[in-house]
Amino acid sequence: MNKVLYKPLSWVVGALGGVLAGQAFKQVWKRVAGEEDAPDATDRDYTWQQVIIAAAVQGAIFAAVKAATERAGAIGYQKATGDWPDDD
């Protein structure tokens with residue numbers, strides 16, 4: 001039953017995490033590169049190095065925010081129900 005209750009919560013937390021990660025990356029990129037938007041892989045105005053660095057930074061931020069939001073969701077679920085989400 002734990003997984004049935006936790007699944008919808010994890011979707012909401014995941015969506016929130018994606019929004020937060022996008023905002024965090026945009027702010028980091030603006031401060032580091034001084035530009036509003038990061039380069040796309042197909043943008044000819046940027047070098048390979050710039051495109052790869054932007055993708056690596058974005059991936060790291062998304063992974064960290066995803067882990068933090070999933071962990072916070074699991075802890076919140078445990079506090080609310082007394083059960084850890086992955087326990088059978």
Side-chain angles (χ1 to χ4, degrees):
M1 186 61 131
N2 287 347
K3 292 182 188 218
V4 172
L5 294 175
Y6 181 70
K7 199 59 148 170
L9 174 65
S10 71
W11 292 336
V12 171
V13 169
L16 177 61
V19 170
L20 292 174
Q23 291 174 347
F25 174 69
K26 192 167 186 108
Q27 290 301 314
V28 167
W29 188 258
K30 193 184 305 183
R31 289 188 181 145
V32 170
E35 299 178 8
E36 287 292 318
D37 296 316
D40 291 324
T42 58
D43 193 333
R44 74 173 70 206
D45 296 329
Y46 293 92
T47 66
W48 274 84
Q49 184 179 12
Q50 291 169 313
V51 169
I52 299 303
I53 289 171
V57 170
Q58 185 177 29
I61 290 171
F62 270 80
V65 171
K66 181 178 186 283
T69 55
E70 285 181 4
R71 185 68 177 194
I75 290 169
Y77 180 82
Q78 183 184 35
K79 286 181 180 180
T81 66
D83 295 324
W84 191 257
D86 284 343
D87 289 348
D88 291 330

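Predicted model only: the values in this text are computed from it and were never measured.
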Contacts table for residues 31-44: side-chain donor-acceptor under 3.5 angstrom, sequence neighbours left out:
from	atom 1	to	atom 2	distance (Å)
E35	OE1	Y46	OH	2.6
D37	OD1	K26	NZ	3.2
D43	OD1	D45	N	3.0

Least distance between heavy atoms, G18 atom then F62 atom: O-CE2, 3.9 Å
Mind checking the OH-OG1 spacing from Y6 to T81? Nearest 0.5 Å is all I need. 10.5 Å
Roughly how far, to the nearest 0.5 Å, is CG of L9 from CD of E70? 11.0 Å
What's the shortest heavy-atom distance between Y77 and D83, and which atoms? CD2-O, 3.3 Å
Nearest non-hydrogen partners of G17 and V65, listed with the distance: O-CG1, 3.3 Å
Between T69 and V13, which heavy-atom pair has the shortest distance, and what is it? O-CG1, 3.0 Å
Under 4.5 Å between side-chain heavy atoms, counting indirect links through other Ile/Leu/Val/Met/Phe/Trp/Tyr residues: same cluster for I53 and F25 or not? yes
Evaluate the side-chain proximity of L20 to Q23: yes if any heavy-atom separation is below 4.5 Å, no if none is. yes
